[in-house]
**Q** 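One structure, as structure tokens, below. Some questions next.
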Amino acid sequence: MSSSPPVPGTSGSNTRSSTEIIHLNVGGRRFSTSRQTLTQVQDTFFTGLLSGRIQTLKDEQGAIFIDRDPELFRLILNYLRNRSLAFDDVNFKDLRHEAEFYGIAPLVKKLSLCEDLDKSGCGDVLFYSYLPPPSIPAHEAPPPPKPSLAQADRPGTVLRVDPPLPSVPPRAGHSRAGSVDLRRSHSRTSSADLRHPTRPDRPPPPVPAVPTSHSRNSSADLNKSFRNEVGLLFGVSGWPGAPLPWVDPLRVLLVTAHHNCLAVAYRHFVAVYKLKESSGFQLAFTTPYLEQDIGQVAINSKMGSVLPAVGLDQVTAMIAVASGSNIRLMGFSEDGTRTEVGNFSLHVAVDHLFFIGAQLVALSPTGRIGVWNSLAQHWQAQELAPITSHDTAGSFLLLGSSNGSINYIDMQKFPLRMKDNDLLVTELYRDPAGESVTAISVYLTPKTSLCGNWIEIAYGTCSGMVRVIVQHPETVGHGPQLFQTFTVHRSPVTKITLSEKYLVSVCSEYNHVRTWNVTRFRGMISTQPGSTPLASFKIVSLEEDLPCLTASHGNDIGPYGDQDDEQVFVQKVVPETDVLTVRLASKGTRVCEIRSVDCSVVTSFCVHECEGSSRMGSRPRRFIFTGHSNGAIQMFDLTTALEFFHKNEPTSGEGGPSPQELVRQLDQCELTSSRCSTPCLSPSPSLTVGQQARLKERNIAFINQNQHES
């Protein structure tokens with residue numbers, strides 16, 4: 001046997017070469033075929049192997065050894081012999097992977113078409129809307145220079161010096177804002193230059209945008225490789241004070257919503273979308289370009305009834321942005337006009353930022369809490385025991401501490417203590433064992449005229465213990481009483497939810513979930529028969545090697561949903577993926593699978609219920625909002641998914657040909673590249689030479705006529 005290529009110029013050598021028998025050893029299984037069969041398709045692995053361009057390895061019997069799956073190779077060899085696939089039960093993904101390895105383009109195209117039967121760039125029935133990435137806003141104008149001491153102040157006057165705003169760094173060199181410099185001096189091969197034309201690749205002031213076209217996966221792939229390259233130069237190292245890894249300025253970091261407003265946080269700005277009754281979500285406004293990296297974002301779109309009393313008549317929505325320990329609060333009117341409300345400092349890194357009613361709350365694990373009151377226009381911070389968990393219920397904020405205490409603040413009473421410059425923090429309960437409260441959940445039963453609210457609190461500890469405490473309305477002054485204790489976890493409890501029907505707890509062991517049925521009598525928790533075990537499962541969600549605080553908040557597994565409604569977990573198994581799995585929080589059953597319609601990586605997500613429109617019969621709907629590496633936002637209808645799940649109906653249409661049926665029909669044509677939305681079909685060469693009996697007579701006549709005319 002000879003593997004050298006034939007010498008051109010002699011027809012006899014070509015004939016002998018084409019009829020040469022080739023012996024192959026594929027994964028320990030021997031195959032014999034002709035050179036002509038292996039070279040039926042040009043520019044494949046086999047043509048390179050037999051021409052000597054690919055180094056060969058032979059076994060003891062002289063057969064060419066190929067370290068691949070023999071079963072899949074048998075199907076590929078049969079395809080090369082007769083240009084058709086014969087199979088009973090084939091994994092199309094595995095077969096396509098093998099076809100790609102061997103470089104058999106016609107087979108790859110057919111298998112790709114079969115594999116994409118249930119996939120569409122327009123998504124399935126759950127896909128609701130696609131919001132393209134916004135333009136990067138302009139930098140803020142520098143503040144006017146302040147008068148000097150000699151001109152404006154007398155000696156001895158006490159001055160309040162505001163820290164200067166960071167200016168735009170120069171193009172060359174590298175400073176503390178190294179990632180900003182790099183973004184401005186980056187070459188045309190960056191991922192930003194390959195995005196959709198609607199996305200400028202850089203902030204407008206330093207460099208004008210140059211829009212270009214891109215493919216569906218180009219920005220994500222190039223983005224990934226560029227991050228790796230930049231990380232080698234400027235990435236995180238073991239040295240203290242090392243800069244953070246480079247982040248794409250249009251990579252979605254955080255998605256949050258309030259009523260019918262959606263806030264999308266990027267590295268240096270926030271885009272806000274509003275739901276219009278007739279046109280869906282539309283971009284309402286964006287914040288200015290912020291020099292500091294954004295860590296946390298909070299939005300409140302129901303401020304119109306509160307702020308007119310303090311002079312902010314036109315403000316309808318407020319955006320709070322935390323960068324490190326600093327918080328910037330901005331108000332926006334309906335037309336997008338911005339009003340600077342204030343800049344505050346917590347003096348420690350902000351871990352959580354949210355609104356309770358019209359009050360802004362900032363928390364830090366160190367135990368520091370800051371509250372901005374909308375009526376008094378006052379910001380104050382206070383030091384407590386280290387905060388390990390929190391939850392809200394109505395106007396109440398409950399804080400779990402490392403010393404085992406559960407404290408609460410009533411935001412409605414907050415203005416009463418302004419003169420004391422002290423938050424009204426009250427200890428509600430202390431764990432009997434003094435263990436750290438690592439998760440907490442509050443459930444307020446429906447209010448009645450006889451007994452008022454029955455407060456129920458479930459919390460988890462650092463040792464894995466789950467406790468339920470209740471407080472009778474008649475015994476408010478005596479504090480909550482211990483109701484139940486579960487010791488089913490051996491790792492710290494990270495999440496807990498007490499709802500109308502279920503108690504759900506999650507521990508840190510790969511998000512191990514335990515659920516219980518909750519028995520109620522007249523809406524209040526009952527001991528007969530008490531809480532009974534329901535399910536045990538895991539929501540595996542792997543984190544990045546160097547996770548950031550924003551990523552952990554933007555990819556929270558849940559559970560999501562109101563306490564009197566069906567709650568779900570959203571599972572994102574690996575950090576860089578375009579697939580999310582929605583599962584019931586009660587039993588872990590899969591509800592649906594959310595897949596990015598443009599194959600871009602899902603970088604953040606949230607579940608939110610939007611209010612129904614004013615039209616008759618309209619009702620609130622729950623959506624899954626996903627932010628992506630290319631800056632886009634995609635919406636999926638979770639309400640429809642739950643309805644389909646309970647009806648046991650598929651979310652993808654059925655009735656078309658199966659992949660096996662489609663492959664058999666594609667045997668009569670070849671797929672070629674085309675600019676059309678569907679592949680261009682042409683008669684298969686194997687059917688026009690020696691196998692025309694498989695075609696109808698009119699098709700044969702048509703083919704023969706075309707061949708004669710050509």
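Throughout, residue positions are numbered sequentially from 1 according to the sequence presented.
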**Q** Quick check: do V361 and H390 have side-chain heavy atoms less than 4.5 Å from each other?
**A**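 No, too far: nothing below the 4.5 Å cut-off.
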
**Q** Given E456 and R520, is the salt bridge (charged side-chain N to carboxylate O under 4.0 Å, His left out) satisfied, shown in steps?
**A** CA-CA 12 Å; E456 303 168 358; R520 294 188 178 277; 2.9 Å; yes

**Q** For T438 and S436, which I'm curious about, is there any donor-acceptor pair between the side chains at under 3.5 Å?
**A** no

**Q** Decide yes or no for F396 and I455: does some side-chain heavy atom of the first lie under 4.5 Å from some side-chain heavy atom of the second?
**A**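 No, every pair of side-chain atoms sits at 4.5 Å or beyond.
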
**Q** Rounded to the nearest 0.5 Å, what separation is found between the CG atom of L253 and the OH atom of Y266?
**A** 9.5 Å

**Q** Can you confirm whether L498 sits close enough to I457 that some side-chain heavy atom of one is under 4.5 Å from a side-chain heavy atom of the other?
**A** no

**Q** Could you tell me the separation between the CD1 atom of I299 and the NE2 atom of H259, rounded to the nearest 0.5 Å?
**A** 10.5 Å

**Q** Whether the side chain of T388 engages the backbone of V437 through a donor-acceptor N/O pair (distance < 3.5 Å, no angle test) should be reported.
**A**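 A pair under 3.5 Å: yes.
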
**Q** Working to the nearest 0.5 Å, report the span between CD1 of I525 and CD of E500.
**A** 12.0 Å

**Q** Testing T515, V466, V513 for side-chain contact (heavy atoms from CB on, under 4.5 Å) with S505, which one passes?
**A**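 Running side-chain contact (heavy atoms from CB on, under 4.5 Å) over T515, V466, V513 with S505 returns exactly one hit, V466.
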
**Q** If every non-hydrogen atom of L131 is compared with every non-hydrogen atom of Y273, which pair is closest and at what distance?
**A** CD1-CD2, 3.9 Å

**Q** What pair of heavy atoms forms the shortest contact from T497 to P559, and how long is it?
**A**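 So the two residues come closest at OG1-CG, 3.2 Å.
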
**Q** Is it true that R622 and E566 make a salt bridge, defined as a side-chain N closer than 4.0 Å to a carboxylate O?
**A** no

**Q** For residues I440 and D391, report the shortest heavy-atom separation together with the two atoms involved.
**A**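 That closest heavy-atom pairing would be O-CB, 3.6 Å.
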
**Q** For the ring pair F623 and F281, is the centre-to-centre distance below 6.0 Å?
**A** no

**Q** Using side-chain contact (heavy atoms from CB on, under 4.5 Å) as the criterion, list what pairs up with S401, not counting sequence neighbours.
**A** A385, N403, S405, N407

**Q** Say you draw a straight line from CG of N326 to CG of L290; how long is it, rounded to the nearest 0.5 Å?
**A** 11.5 Å

**Q** Do side-chain atoms of S541 reach the backbone of Q571 as a donor and acceptor pair under 3.5 angstrom?
**A** no

**Q** Quick one: sort the H139 and Y289 rings into parallel, tilted or perpendicular, breaks at 30° and 60°.
**A** tilted

**Q** May I ask you to decide if L482's main-chain N or O and R467's side chain share a donor-acceptor pair within less than 3.5 Å?
**A**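 No.
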
**Q** Can you confirm whether more than 12 heavy atoms, excluding those of K274, are under 6.0 Å from its NZ atom?
**A** yes

**Q** Has the side chain of D431 got a donor or acceptor atom that lies under 3.5 Å from a matching backbone atom of G404?
**A**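 A pair under 3.5 Å: no.
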
**Q** Please round to the nearest 0.5 Å and tell me the distance separating atom CD1 of I369 and atom CD of Q380.
**A**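 Result: 9.5 Å between the selected atoms.
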
**Q** Are any of the side-chain heavy atoms of F355 and H258 separated by less than 4.5 Å?
**A**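 No, side chains not in contact.
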
**Q** Taking side-chain contact (heavy atoms from CB on, under 4.5 Å) as the test, write out the residues that go with A257, two or more places apart.
**A**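 A257: side-chain contact (heavy atoms from CB on, under 4.5 Å) contacts with L262, H608.
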
**Q** Do I327 and W379 come within less than 4.5 Å of each other through their side chains, counting heavy atoms only?
**A** yes

**Q** Test your reading of the model: is there a side-chain donor-acceptor pair from N300 to the backbone of G357, 3.5 Å cut-off?
**A** yes

**Q** Hey, does S325 have a side-chain heavy atom less than 4.5 Å from the side chain of S345?
**A**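 Answer yes - side chains close enough.
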
**Q** Is the shortest heavy-atom distance from the side chain of V518 to the side chain of L503 under 4.5 Å?
**A**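 Result yes, sub-4.5 Å side-chain heavy-atom pair found.
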
**Q** Distance check, rounded to the nearest 0.5 Å: L398 atom CG versus Y459 atom OH?
**A**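 It is 12.5 Å, given to the nearest 0.5 Å.
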
